[in-house]
Amino acid sequence: MKHSKMLAPIAMLGVFALALTACSSSSTTTSGSGTGPTASGLASRGPITYVQGKDNSNVVRPLIAKWNAAHPTETVTFKEQTDNANQQHDDLVQNLQAKNPNYDVMSVDVIWTAEFAAKGWLQPLTGKMAVNTTAMLPATVKTATYNGVMYAAPVTSDGGILYYRKDLVPNPPKTWAEMMSMCSIAKAKNIGCYAGQFAQYEGLTVNTAEAINSEGGTIVDASGKPTVTTPQATKGLQNLVTAYANGNIPKEAVTFQEEQGRTAFEAGKLLFLRNWPYVYNLAKTDASSTVKDTFGIAALPGATGPGASSLGGHNAAISVYSKNKATAHDFLQFLTSPETEKFWATQGSLAPVLSALYADPTLVAKLPYLPVLKTSIDNAVPRPVTPFYPAVTKAIQDNAYAAIKGDVPVATALSNMQKAIQAAGGQ
Ligand code: GLC
């Protein structure tokens, strides 16, 4: 097969999905009908568990309390995971492999849909399980769809934004070069200039993809073939490598996930921070935040204008092993209702999936970051869509990390990345 060494292009994913499903178990089926686990528990009601990563913004518990008060015989228990995206993934995989019936509703990162659906772990949201997506941002619906079937309900979207100290930089930089030139301001103040998520985990894949996309490069092309050795991709990674080598990205930033960067920014130790919208609310309201009134929000800087964010976000999926899928389905609808979406936005500055909320005058008045966020999400670039995503992201993280730390030249790191992404494509 001509493309056999390439990463599965979107159109070919069905072939790999079928192959994987066929290997995994004869009882799993990706259609809503049949006799496998997708057909059981559809009408059953009772207590369920909701599994999600750390509730940094403290918006999950109050919602669940509200649900539980209204559903005394169908209560939801919150199982909170850590705040590390890789650990969240591995916890879900272990429990799904073990067919744990207690992981009823799971918060699934947008990049895991293909993998989990191909393994036959997610209840297709078809027939009685369908959710109405007409009011949702199309990009978010796409992240919950695999081979034309919905496997999860979009709950929160995510787009990268630039947090900056408006007391020190009245006009935020529009380009990467401009931002780097402003690092002298940070130096004079004895604070770090720029940080994102540069620890070796999913966040580094996000940041690497953004650096590459912002220079006009791509991780894979439309046919799924890796494209990380192009001049544009090279320039993108080189930007991070140079900034780390010259100190514009502080040394400790290679240990930063989202939370470490947020804490440093709130402590006044950074001029610029790339992070997700959830930081806005915490930086404004945390008692310990020293930047409450002195930070602003701008689009990520790019080559000649705004850069390109990676598309993030989380969808709620029902495990095929859940015993109470009717309750799980109602809970999914509760999570995506306009009331809940408004609550996520106003209390946690999370990005809604309902497009109308971005133009809701009362919301926009309260949340001035909404227009910047909408632009970020509208222009966001999805990470590669493939059931083999764990190997693809590892190829990106490992090689980007080695290059940023200065252990491997950029060209070598990208050539290794290219080969590893290719190998992940099903050989
Ligand atoms: C955020 C994003 C998610 C991404 C993760 C990386 O949670 O919503 O899509 O994978 O950060 O750390």
Side-chain angles (χ1 to χ4, degrees), residues 51-57 59-60 80-93 106-116 137 139-145 151-163 195-211 213 219 253-263 273-282 300 308-317 335-336 341 344-345 348-353 369 373 376-377 379-386 389-397 400-401:
V51 186
Q52 192 208 275
K54 187 161 186 310
D55 181 20
N56 291 322
S57 308
V59 288
V60 175
E80 191 176 29
Q81 303 167 305
T82 72
D83 61 9
N84 178 301
N86 289 34
Q87 290 168 3
Q88 294 160 16
H89 170 269
D90 295 352
D91 177 59
L92 292 179
V93 168
M106 303 165 292
S107 175
V108 173
D109 195 320
V110 292
I111 49 187
W112 307 331
T113 311
E115 178 196 1
F116 291 3
L137 296 170
T140 66
V141 177
K142 216 168 158 194
T143 67
T145 307
Y151 283 95
V155 173
T156 50
S157 190
D158 242 352
I161 39 189
L162 186 72
Y163 293 84
Q197 293 73 49
F198 302 123
Q200 202 169 355
Y201 79 116
E202 185 59 33
L204 181 55
T205 296
V206 166
N207 282 254
T208 304
E210 286 175 350
N213 294 145
I219 303 285
V254 289
T255 65
F256 281 10
Q257 298 170 31
E258 284 82 0
E259 282 291 88
Q260 289 80 12
R262 173 177 75 79
T263 312
L273 172 71
R274 179 265 173 233
N275 214 320
W276 306 104
Y278 85 97
V279 167
Y280 179 88
N281 173 60
L282 293 172
L300 296 178
S309 164
S310 292
L311 181 62
H314 291 84
N315 306 325
L335 287 180
T336 57
E341 289 284 310
W344 300 122
S349 63
L350 302 179
V353 295
Y369 62 87
L373 179 57
S376 167
I377 292 174
N379 299 318
V381 183
R383 283 159 279 171
V385 176
T386 162
Y389 187 77
V392 172
T393 185
K394 187 166 167 17
I396 300 168
Q397 285 160 41
Y401 191 73

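Indexing begins at 1, ligand by ligand and atom by atom, following the structure's order.
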request  = Check for a donor-acceptor pair, side chain of Gln81 on one end and backbone N or O of Gln88 on the other, with a separation under 3.5 Å.
outcome  = yes
message = Minimum heavy-atom separation for Ser310 and Ala209, please, with both atom names.
response = OG-CB, 3.6 Å
inquiry  = Does ligand 1 come near enough to Gly313 that some N or O of the ligand is less than 3.5 Å from an N or O of the residue?
reply    = yes
Tyr201: numbered ligand 1 atoms lying under 4.0 Å from its heavy atoms = 12 (O)
ask   = Parallel, tilted or perpendicular: which fits the ring planes of His314 and Trp112, with parallel below 30° and perpendicular above 60°?
value = perpendicular
request  = Among Asn315, Leu137, Thr336, find the residue that satisfies the side chain to side chain contact (heavy atoms under 4.5 Å, CB included) test when tested with Pro154.
outcome  = Asn315
request  = Just need the protein heavy atom nearest to atom 8 (O) of ligand 1, so name the residue and atom and give the distance.
outcome  = Asp158 OD2, 2.6 Å
task = Considering the heavy atoms of Glu202, write down every atom of ligand 1 situated less than 4.0 Å from one of them.
result = 6 (C), 10 (O)
message = Is the contact between Gln197 and ligand 1 made by the side chain, the backbone, both, or neither, using heavy atoms and a 4.0 Å cut-off?
response = neither
query = Tell me the salt bridge (Lys or Arg N to Asp or Glu O under 4.0 Å) pairs involving residues 152-163, sequence neighbours left out?
reply = none
request  = State, to 0.1 Å, how close Ala400 and Thr208 come at their nearest heavy-atom pair, and which atoms those are.
outcome  = CB-OG1, 3.4 Å
inquiry  = Show me which atoms of ligand 1 lie under 4.0 Å from any heavy atom of Ile111.
reply    = 10 (O)
Donor-acceptor pairs under 3.5 angstrom involving side-chain atoms of residues 197-204: please list them, not counting sequence neighbours.
unit_1	atom_1	unit_2	atom_2	d
Gln197	OE1	Asn207	ND2	2.9
Gln197	OE1	Arg274	NH1	3.0
Gln197	NE2	Arg274	O	2.9
Gln200	NE2	Asp398	OD1	3.0
Tyr201	OH	Glu258	N	3.4
Tyr201	OH	Glu258	OE1	2.7
Tyr201	OH	Glu258	OE2	3.4
Glu202	OE1	Thr393	OG1	2.8
Glu202	OE2	Arg383	NH1	2.8
Glu202	OE2	Tyr389	OH	2.6

ask   = Which of the atoms in ligand 1, numbered in the order shown and given with their element, are less than 4.0 Å from a heavy-atom of Gly312?
value = 8 (O), 9 (O)
remark   = From the list Trp276, Tyr280, Trp344, side chain to side chain contact (heavy atoms under 4.5 Å, CB included) partner of Leu350 resolves to Trp344
query = Which atoms of ligand 1 have any heavy atom of Glu258 under 4.0 Å away?
reply = 5 (C), 6 (C), 11 (O), 12 (O)
task = Have a look at ligand 1 and work out which part of Arg383, if any, has a heavy atom under 4.0 Å from it: side chain, backbone, both or neither.
result = side chain
key: Protein heavy atom at shortest distance from atom 3 (C) of ligand 1   = Asp109 OD2, 3.1 Å
inquiry  = Just to confirm my output: which protein heavy-atom neighbour is closest to atom 7 (O) of ligand 1, and how far is it?
reply    = His314 CE1, 3.2 Å
